[in-house]
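Computed from a predicted structure; not experimentally measured. Order of the sequence lines fixes the chain letters, A, B, ..., with proteins taken first and strands second; residue numbering starts at 1 for each chain.
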Amino acid sequence: MRAVLEDRPPFGPWPARGETVVIDYSSPNIAKPFHLGHLRSTVIGSALRRLYKFTGHRVYGINHIGDWGSQFGKIIVAWKEWGDEERLAENPMRHLFEIYVRYQKEEKDRPELGKRAAEAFRRLESGEDNEERRIWTELREISLRAFQGPYRRLGVEFEAVTGESFYEDKMEAAIERVREAGIATVSDGALVVEFPGEGIPPCILRKSDGTTIYATRDLAALFYRRETYGFDRALYVVGSEQKLHFRQLKRVLERLGWPQAERVEHVDFGLILFRNEETGRWEKGKTRSGNAIFLDEVLDQAVAGIRKIIEEKNPDLDDKDGIAEQIGVSAIIFNDLKNSRIKDVKFDWNEMLSFEGETGPYVQYAGARLASILRKAGVEERPRVDGISWGLLEDAADVLLAMSEFRPVLEKAVLKNEPSLLTQFSIRIAGSIHSYLRDHHVLSAEPKLREARLALVAAARVLLVSTLGILGVTAPERM
RNA sequence: GCGCCCGUAGCUCAGCUGGAUAGAGCGUCGGCCUUCUAAGCCGAAUGUCGCAGGUUCGAAUCCUGCCGGGCGUGCCA
């Protein structure tokens, strides 16, 4: 408790350990909507970024925006066919999504669209200053600006935003490197690295039409990042469905004899599923009407639900809208980080909107109660620890035991790249302090006891705030 | 077909570097607001740990096979 209140490790920031980690997360694709599916990488990645920083690593969070690739040929064609400047300005994500969906639909009946799209990407990748590039530039910039909204709400930050297009002029060198190593072969007109006898399909570096593919860009990005950041470890926070891709990438690096190959890790995670009310089954990220669910709308709904609860539980609260925003957004983040990342997130609105039990609001509520006690006692956030009779806190064994788990929990979370360990830890702290407060009154206790209990309350609050802080969850003083 | 992942209470999960009566939340049932926020707390009921073998003094945990579900499987990302 002394260490907690004095902000010393392991409870305060850990000493630097001289290891540099680059974490690739969020990486939305501007050709596709920023929907709920992007939430996981964003939220897990930024939690890991803060976790690594807290534990003394040098961290570079990188947003590898999906702003390149043959799909942009499709987007360009879709834009030429159905693009509307006004609608784009109004709601860029929505409009780009609509024309993209329309493209997908119409391509089935109009095969010429596919040819035009391939040609459009070829022209884009030619490097010429042509119409394709102008459209791409405009759509890219508008999208990047639109991403700032969700990022601000979620409190997500990056050290670098370098899209795939950033590697446009670095891919040839990457391909050359693989060629020189003598591990590339030509197969069906494509340049590939094969893995004979390993049971995994070859990694394609250049398609038969001469254009590049995501593996090429990931490879170029890895070389660039090694040179730029000198990383010791590189984490990719990307869904499990891309496991094969990262395995191939890693195998290419190993065959190149790249020293850091070992420490390129795919931090994978499960899907977001919704309950199909008719079948009762969990299904992929679509509403009943078949629309993708936009992140902003989910956040808005959560905030609205919280706003209602505040109105009934605490109508006199100041800044109800601001608090509702904090709690609502946190509830979504917390829900995403609650279970092992490998598990699918089952998104159940009824459960989400009740905010009871092991949820974000539960932990925040504990924090608010603690803040309230400290406020009423008139002590500062971190009271002095001198002269406190620690022995009087024997009855707080559960809380103290939970607190002592902080270091091992952080260590395990780093080892396994598993933010859910912190989420579970915050629930344990909240639960134990909730229970303790029921039978152990603080303000009305004898002076010595009161002082000791206040220190406990303050320490629990500090620990809750820093744990939630790593997770990206706020800890309002009132709610 | 092949590869990877998952399978623990009605639901959602934790536990799985093997160790004593398998834990939590939701839901159900029953309690607690004239002292610090009831978004809380306390109690009760609920499990052949998918199935079958094996290793072990001891298996939810390790190994093998099978079943069920998911994801992936050469020019999308």
Any-strand Watson-Crick or G-U partner of [N], both distances under 3.5 Å:
N	value
B/G74	none
B/G58	none
B/C13	B/G23
B/G43	B/C29
B/C51	B/G65

May I ask you to say what [X] touches in the nucleic acid, namely base, sugar-phosphate or nothing, with a heavy-atom cut-off under 4.0 Å?
X	value
A/I427	nothing
A/V192	base
A/K338	nothing
A/I213	sugar-phosphate
A/I200	nothing
A/S372	base
A/H440	base
A/Q424	nothing
A/G199	nothing
A/R281	sugar-phosphate
A/R375	nothing
A/E477	base

Nearest whole Å is fine: how far is [N] [atom2] from [X] [atom1]?
X	N	atom1	atom2	result
A/K284	B/G70	NZ	P	11 Å
A/D218	B/C76	CG	P	15 Å
A/E164	B/A77	CD	P	7 Å
A/L244	B/C5	CG	C1'	14 Å
A/E311	B/A39	CD	C1'	15 Å
A/R247	B/C4	CZ	P	7 Å
A/W282	B/G10	CH2	C1'	14 Å
A/H441	B/C32	NE2	C1'	15 Å

Does [N] have OP1 or OP2 sitting under 4.0 Å from an N or O in the side chain of [X]?
X	N	value
A/R428	B/A14	no
A/K243	B/C4	no
A/R217	B/A77	yes
A/K376	B/U35	no
A/S70	B/C76	yes
A/S187	B/G74	no

What about [X] and [Y], are their ring centers closer than 6.0 Å?
X	Y	result
A/H64	A/Y167	yes
A/F158	A/Y151	yes
A/Y362	A/H434	yes

[N] to [M] separation - [atom1] atoms, rounded to the nearest Å:
N	M	atom1	answer
B/A22	B/A9	P	14 Å
B/A52	B/U48	C1'	13 Å
B/U61	B/C42	P	32 Å
B/C6	B/A14	C1'	15 Å

Qualifying residue for salt bridge (Lys or Arg N to Asp or Glu O under 4.0 Å) with A/E81, from A/R110, A/R102, A/K105: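 The passing option is A/R110.
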Check ion pair A/E168-A/R133 (N to O, under 4.0 angstrom):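 Yes.
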A/K74 to A/Y103 six-membered ring, cation-pi geometry met (6.0 Å, 45°):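 The answer is no; the distance or angle limit is not met.
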Check: A/Q242 side chain, B/A77 base, donor-acceptor under 3.5 Å: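 Such a pair is found, so the answer is yes.
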Where the chi angle of B/C49 falls, syn if within 90° of 0 and anti if not: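 Here B/C49 takes the anti form, which means its glycosidic angle is more than 90° from 0.
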Candidate pair A/S330 and A/T474, rule side chain to side chain donor-acceptor pair (under 3.5 Å), full reasoning: CA-CA 7 Å; A/S330 292; A/T474 55; 3.2 Å; yes
